[in-house]
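Everything below concerns the one structure shown next.
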Amino acid sequence: PAALPPAPLGFTDVNLNSRNTYEVSRRRSAPEHLPHGGTAPAEPAPPPQEPAERARHRVGIAGAGSSFAEFFTRNFFTKRTKELKPAVQSAPGWKLFGKVPPRENLPKDSKIIQQEYEARTGRMYKPPLPSARRKNIEFEPLSTTALILEDRPANLPAKSVEEALRHRQEYDEMVAEAKKREIKEAHKRKKIMRERFKQEENIASAMVIWVNEILPNWEGMRATRRVRELWWQGLPPSVRGKVWSLAVGNELNITPELYEIFLSRAKERWKSFSETSSENDIEDAGASVADREASLELIKLDISRTFPSLYIFQKGGPYHDLLHSVLGAYTCYRPDVGYVQGMSFIAAVLILNLEEADAFIAFANLLNKPCQLAFFRVDHSMMLKYFAAFEVFFEENLPKLFLHFKSYSLTPDIYLIDWIFTLYSKSLPLDLACRVWDVFCRDGEEFLFRTGLGILRLYEDILLQMDFIHIAQFLTKLPEDITSEKLFSCIAAIQMQNSNKKWAQVFASLMKDNKEGDKNHSPAPKS
């Protein structure tokens, strides 16, 4: 009797049209494992003289070759046909940790959800007119919050009616909050624009007064109440440099020609230092070659760190060489002072508002003032007197914060030195620092310490909650969002008067006490 031909050896058949993670059927020789809807391919019977085992072996090899061909020609990434989609969505399948039941509820249409929502809440939703929607388009939330209204993917259970209505309510609340925020921000932007326009109008009108009335009659009008009030509001940028020059003065009688002389000396020194390190004949005014060489190197280093966000004083910038020239000429003009870190910020602010020679004249005269000279020459005894005077008015105006600082032994030198060295040009935004300079040119050194007290008053509530380290860090790097209106309102609230004594009187009394103390501690003359 003829033996049944064996089924071909098949490979794993992955049915990609099924929802199951995978579905495997193995084709074996048993009849119940034949492929669906078909039979195994028939092979011709072996010749009678061939043994049954060899015939069976030959048939297996042929079946295997056929399966290899089917394997490599099968398209493993066939697209699902549209006809199979309904069956796929409703057929039960398998997931990693359990079986997915067939979906009973089809995805609801958004109109059906809306109708159920209106029936439950009793509210009728009226879509806005096209024109109104275009008008309020700026208040539409620019996010993915609307995704909560979408139906879930096919492999997840459908939303219940209650869940869909809750999502609709949450979405409405989010849209309402987004609209409120947009309206609030729009009002804030309008307020800022109104204030900016008002400020520009005030500057334009003030510029006319300064140019036509005040500057032509400077000596007679500079001390009047009207001019001082106008000065407090800030100088127009177009006249700022001129007013600074007049207010600082030129007690040193420096001329543009003198500046050119010292600039040429500075260039010669740069050339000699770049060519050779020999001393040559550049010893003068008691300053060593090493000190001057260190000053020139420090100038190069500091210029690159001066207002780095502006990119105009760094190498290759339009004002790099100009700032280098002013600072180099000053080291030749005042070798006893040389260059000190912080000078680059003062010179840079002057260069932004004055011509080169005028900036040097104002720079040299400004650094010749008693307060600046004491700090830049690092006169410790004078610096301590300034700190003591500052603490007198600190205790008078901000007693609670003063005691808080005392409890941590936080002395003024920790934060005041950087403020005084750079005249606040490094610590405050540039436009605000220029306004501080405006009133400093009007009131002198007193306003520098009054500004410091104004900053402490502005952030008093925050500083009272900090310890030593955090206070020092905060005052070293002030917040960038500080505004001139808030700061100057706090400065105006500071009273520079103690027991009917003003700043100059308090400082003079400290100087007198110091001299008397020196006399008492001086050694007795030998007989």
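Screening residues 441-454 for salt bridge (charged side-chain N to carboxylate O under 4.0 Å, His left out), with sequence neighbours left out, gives R228-D443. The side-chain hydrogen bond (donor to acceptor under 3.5 Å, both in side chains) analysis of residues 201-222, with sequence neighbours excluded, yields the pairs E213-R226.
Here the two rings, on F488 and W232, have centers that are under 6.0 Å apart. Ring centroid separation for the pair F449 and F393 does not come in under the 6.0 Å cut-off. You'll find the ring centres of Y339 and Y330 outside the 6.0 Å limit. Residues Y259 and F360 bring their aromatic ring centres within 6.0 Å. You'll find the ring centres of H404 and Y408 inside the 6.0 Å limit. For F405 and F394, the ring centers are positioned less than 6.0 Å apart.
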Derivation of the side-chain contact (heavy atoms from CB on, under 4.5 Å) call for L165 and E162: CA-CA 5 Å; L165 294 175; E162 292 77 9; 5.9 Å; no
Stepwise salt bridge (Lys or Arg N to Asp or Glu O under 4.0 Å) test for D431 and R435: CA-CA 7 Å; D431 57 340; R435 188 172 172 188; over 6 Å; no
Please evaluate residues I214 and L230 with respect to the criterion side-chain contact (heavy atoms from CB on, under 4.5 Å), reporting the C-alpha separation (whole Å), side-chain torsions for both, the decisive distance (0.1 Å), and the verdict. CA-CA 10 Å; I214 300 174; L230 199 62; 3.9 Å; yes
Are I482 and L428 close enough, and set up right, to give a side-chain contact (heavy atoms from CB on, under 4.5 Å), and what steps lead you there? CA-CA 8 Å; I482 182 172; L428 298 175; 4.1 Å; yes
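Between the side chain of D418 and the backbone N or O of S427 there is no donor-acceptor pair closer than 3.5 Å. Checked by atom type and distance alone, the side chain of N353 never pairs as donor or acceptor with a backbone atom of P237 at under 3.5 Å. Counting only distance, with no hydrogens or angles, the side chain of Q314 and the backbone of S304 share a donor-acceptor pair below 3.5 Å. Judged by distance alone, the side chain of E195 and the main-chain N or O of I192 form no donor-acceptor pair under 3.5 Å. At distances below 3.5 Å, not a single donor-acceptor pair connects side-chain atoms of D438 with backbone N or O atoms of G234. Side-chain atoms of N250 come within 3.5 Å of backbone N or O of I254 as a donor-acceptor pair. With hydrogens and angles disregarded, no donor-acceptor distance shorter than 3.5 Å links the side chain of E396 to the backbone of I494. Checking side-chain atoms of Y424 against main-chain N and O of L448 turns up a donor-acceptor pair under 3.5 Å.
Between D379 and R377, none of the side-chain N atoms (NZ, or NE/NH1/NH2) sits under 4.0 Å from a carboxylate O, so this pair counts as no salt bridge. Between R305 and D302, at least one side-chain N (NZ, or NE/NH1/NH2) sits under 4.0 Å from a carboxylate O, which counts as a salt bridge. Ion pair E185/R181 not flagged as a salt bridge, since none of the NZ, NE, NH1 or NH2 atoms sits closer than 4.0 Å to an Asp/Glu carboxylate oxygen.
Other residues, nucleotides and ligands contribute at most 12 non-hydrogen atoms within 6.0 Å of the CD atom of E251. Counting heavy atoms of neighbouring residues, nucleotides and ligands inside a 6.0 Å radius, atom NZ of K369 exceeds 12 of them. A 6.0 Å sphere centred on OH of Y319 holds no more than 12 heavy atoms belonging to other residues, nucleotides or ligands.
The distance from atom CG of L352 to atom CG of L310, rounded to the nearest 0.5 Å, is 7.0 Å.
Between F262 and Y333, the two ring planes are perpendicular [angle over 60°; tilted spans 30° to 60°]. Between F307 and F313, the ring planes are tilted. Angles from 30° to 60° get that label.
Among L456, L463, L464, the one residue that satisfies the side-chain contact (heavy atoms from CB on, under 4.5 Å) test with L398 is L456.
No side-chain heavy atom of Y415 sits less than 4.5 Å from a side-chain heavy atom of I455. By the 4.5 Å heavy-atom criterion applied to side chains, K267 and K271 are not counted as neighbours. Put simply, the side chain of V349 does not reach to within 4.5 Å of the side chain of L423, judged on heavy atoms.
With sequence neighbours left out, R225 forms a salt bridge (charged side-chain N to carboxylate O under 4.0 Å, His left out) with E229.
Inspection of the H324 and D321 side chains reveals no N or O donor paired with an N or O acceptor under 3.5 Å.
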